[in-house]
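Dumping the structure here so I can ask a few things about it.
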Amino acid sequence: VQLQASGGGSVQAGDSLTLSCAASGFAFSRYALGWFRQVPGKERKFVASISWSGSTHYTDSVKGRFTISRDNSKNTVYLQMTQLKPEDTGVYYCAADSPAGYYTPNFDLMFEYDYWGQGTQVTVSS
């Protein structure tokens, strides 16, 4: 199993960035997928999720600015980030959540995810 996140970088406030996460080694289309963000010294926090049927959920701070999507033909999940703010800075992790185990309606809890990528750094300067 592998989740490879990419697309991070250093941008200015107001800019846009799209993260990608390419997956392999499991039945991608059957899994919910999520993006989490972590800053040094703090716990990893939920950003967005997309279910196996395409339903999406976002943390309040990114609603209207971020869009999560998936391409099952490419085994890839995306996070389009617009109107970026300095508080969006952090390491972004993608994760996959199996429907066979415990899961929540919004897929917003760290512990429910089965597989994790290595993270990609996003830095937003003011």
Side-chain angles (χ1 to χ4, degrees):
V1 173
Q2 190 172 17
L3 291 164
Q4 185 73 35
S6 61
S10 297
V11 297
Q12 297 291 315
D15 284 351
S16 300
L17 208 56
T18 297
L19 306 182
S20 301
C21 178
S24 62
F26 63 98
F28 181 84
S29 64
R30 298 180 183 179
Y31 280 62
L33 304 162
W35 287 95
F36 288 73
R37 175 174 64 223
Q38 188 169 25
V39 297
K42 295 191 176 182
E43 66 179 15
R44 203 168 294 185
K45 292 192 174 182
F46 171 78
V47 175
S49 66
I50 185 166
S51 74
W52 38 79
S53 63
S55 298
T56 59
H57 181 67
Y58 301 90
T59 191
D60 286 346
S61 64
V62 308
K63 285 181 180 177
R65 299 189 299 121
F66 289 13
T67 302
I68 187 172
S69 62
R70 63 191 297 162
D71 185 338
N72 290 338
S73 69
K74 296 181 179 179
N75 283 8
T76 301
V77 59
Y78 305 95
L79 185 67
Q80 295 175 279
M81 305 184 293
T82 65
Q83 303 171 54
L84 282 161
K85 303 176 181 180
E87 51 264 42
D88 296 321
T89 293
V91 178
Y92 282 72
Y93 295 88
C94 57
D97 186 354
S98 169
Y102 174 83
Y103 61 89
T104 58
N106 294 325
F107 308 101
D108 55 358
L109 300 179
M110 272 190 61
F111 72 83
E112 68 181 288
Y113 283 83
D114 302 280
Y115 307 128
W116 289 86
Q118 87 290 358
T120 185
Q121 176 72 45
V122 173
T123 303
V124 185
S125 302
S126 59

By salt bridge (Lys or Arg N to Asp or Glu O under 4.0 Å), which residues pair with R30, not counting sequence neighbours?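 Expected list: none.
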Cluster companions of L109 among Ile, Leu, Val, Met, Phe, Trp, Tyr (side-chain spacing under 4.5 Å):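 Grouped by the 4.5 Å side-chain rule, Y102, F111 form the rest of the cluster around L109.
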Salt bridge (Lys or Arg N to Asp or Glu O under 4.0 Å) against D97, all qualifying residues, sequence neighbours excluded: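 Testing D97 for salt bridge (Lys or Arg N to Asp or Glu O under 4.0 Å), a comparison that skips the adjacent residues, returns none.
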Residues in side chain to side chain contact (heavy atoms under 4.5 Å, CB included) with A23, at least two apart?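 Scan of A23 (side chain to side chain contact (heavy atoms under 4.5 Å, CB included), adjacent residues dropped) gives L3, F26, F28.
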Holding to side chain to side chain contact (heavy atoms under 4.5 Å, CB included), I want the full list of residues that pass it with S69, two or more places apart in sequence or in another chain.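 Per chain and number, S69 pairs via side chain to side chain contact (heavy atoms under 4.5 Å, CB included) with Y78.
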Go through the structure and list residues passing side chain to side chain contact (heavy atoms under 4.5 Å, CB included) with T56, not counting sequence neighbours.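 For T56 the side chain to side chain contact (heavy atoms under 4.5 Å, CB included) partners, ignoring immediate neighbours, are I50, Y58, I68.
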Can a salt bridge be assigned to the pair K63 and D60 using a cut-off of 4.0 Å between side-chain N and carboxylate O?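 Salt bridge present between K63 and D60.
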Using atom types as modelled and distance alone, determine if a side-chain donor or acceptor of S126 lies under 3.5 Å from a backbone N or O of P86.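 No; zero donor-acceptor contacts below 3.5 Å.
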Got a sec, which residues hit side-chain hydrogen bond (donor to acceptor under 3.5 Å, both in side chains) with Y92, two or more places apart in sequence or on another chain?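 With neighbours one apart ignored, the set is R37.
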Identify, with sequence neighbours excluded, every residue that meets salt bridge (Lys or Arg N to Asp or Glu O under 4.0 Å) alongside K42.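 Per chain and number, K42 pairs via salt bridge (Lys or Arg N to Asp or Glu O under 4.0 Å) with no residue.
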If a pair satisfies disulfide (SG to SG under 2.5 Å) and one of its residues is in residues 27-90, list it, with sequence neighbours excluded.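 Every candidate disulfide (SG to SG under 2.5 Å) pair involving residues 27-90 fails, so no pair, neighbours aside, qualifies.
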Can you tell me which residue pairs pass the disulfide (SG to SG under 2.5 Å) test with a partner in residues 19-126, sequence neighbours excluded?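 Qualifying pairs, neighbours excluded: C21-C94.
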Could you tell me which residues satisfy side-chain hydrogen bond (donor to acceptor under 3.5 Å, both in side chains) with S24, sequence neighbours excluded, listed by chain and number?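 Here no residue qualifies.
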Tell me, which pairs form a side chain to side chain donor-acceptor pair (under 3.5 Å) where one or both residues lie in residues 113-124, sequence neighbours left out?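 Pairs touching residues 113-124 that pass the test: Q121-T123.
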